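In this text, all values refer to a predicted model and were calculated from it rather than measured experimentally.
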Amino acid sequence: IRYFFDSDTSKKQCLIITKAPQISSQEAKEALAQLKSYVAASMNCKYALFAWQQWQPYQIVVSDGRRTFQKIRELPQSK
């Protein structure tokens with residue numbers, strides 16, 4: 001698990017979890033659930049990346065006080 005952040009909370013922050021391609025789909029589901037729980041505890045996290053058999057980037061969208069994962073094509077470039 002890697003967490004990239006900056007003390008400036010206006011900057012993009014990303015939580016990344018990687019798993020070996022040969023793990024079972026059940027283990028991958030558990031790892032994705034783990035990533036979601038870490039994101040829930042990291043209020044400044046704006047992006048997440050789950051890397052298993054392929055990269056699955058997400059943007060964390062806040063609506064009505066709820067934070068949800070929205071699949072995106074790729075993570076934005078840092079400036």
Side-chain angles (χ1 to χ4, degrees):
I1 298 170
R2 297 285 185 259
Y3 187 46
F4 296 92
F5 66 95
D6 190 294
S7 59
D8 178 356
T9 57
S10 67
K11 293 188 178 181
K12 299 175 183 86
Q13 299 187 22
C14 182
L15 188 63
I16 299 172
I17 191 166
T18 60
K19 292 294 179 179
Q22 66 270 21
I23 67 169
S24 71
S25 59
Q26 180 59 38
E27 290 172 306
K29 277 183 169 180
E30 291 169 3
L32 184 56
Q34 181 182 31
L35 175 63
K36 289 181 177 184
S37 83
Y38 289 152
V39 167
S42 304
M43 297 310 290
N44 293 331
C45 185
K46 296 180 175 123
Y47 297 94
L49 176 66
F50 179 60
W52 174 41
Q53 293 178 337
Q54 62 184 6
W55 286 36
Q56 299 173 24
Y58 297 91
Q59 181 175 6
I60 311 310
V61 178
V62 180
S63 178
D64 296 327
R66 293 184 51 130
R67 301 176 75 206
T68 58
F69 274 49
Q70 179 179 26
K71 281 189 177 185
I72 55 177
R73 193 180 224 15
E74 61 186 38
L75 294 172
Q77 297 291 320
S78 58
K79 295 179 180 178

Work out which heavy atom in Asn44 is nearest to a heavy atom in Gln13; give both atom names and the distance.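 The answer is CB-OE1, 3.3 Å.
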Work out which heavy atom in Ala48 is nearest to a heavy atom in Leu75; give both atom names and the distance.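 Answer, listing the atom of Ala48 first, then Leu75: O-CD2, 4.1 Å.
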Only counting residues at least two apart or in another chain, list the ones meeting side chain to side chain contact (heavy atoms under 4.5 Å, CB included) with [X].
X	answer
Lys19	Ile17, Ile23, Ala31, Phe50, Trp52
Ala41	none
Glu30	Gln26

Which pairs of donor and acceptor atoms, one on a side chain in residues 55-66, lie under 3.5 Å apart (sequence neighbours left out)?
from: Gln56; atom 1: OE1; to: Tyr58; atom 2: OH; distance (Å): 3.2

Looking at residues at least two apart in the chain, or sitting in another chain, which of them share a side chain to side chain donor-acceptor pair (under 3.5 Å) with Ser24?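 Partners of Ser24 by the side chain to side chain donor-acceptor pair (under 3.5 Å) criterion, ordered by chain and then number, come out as Glu27.
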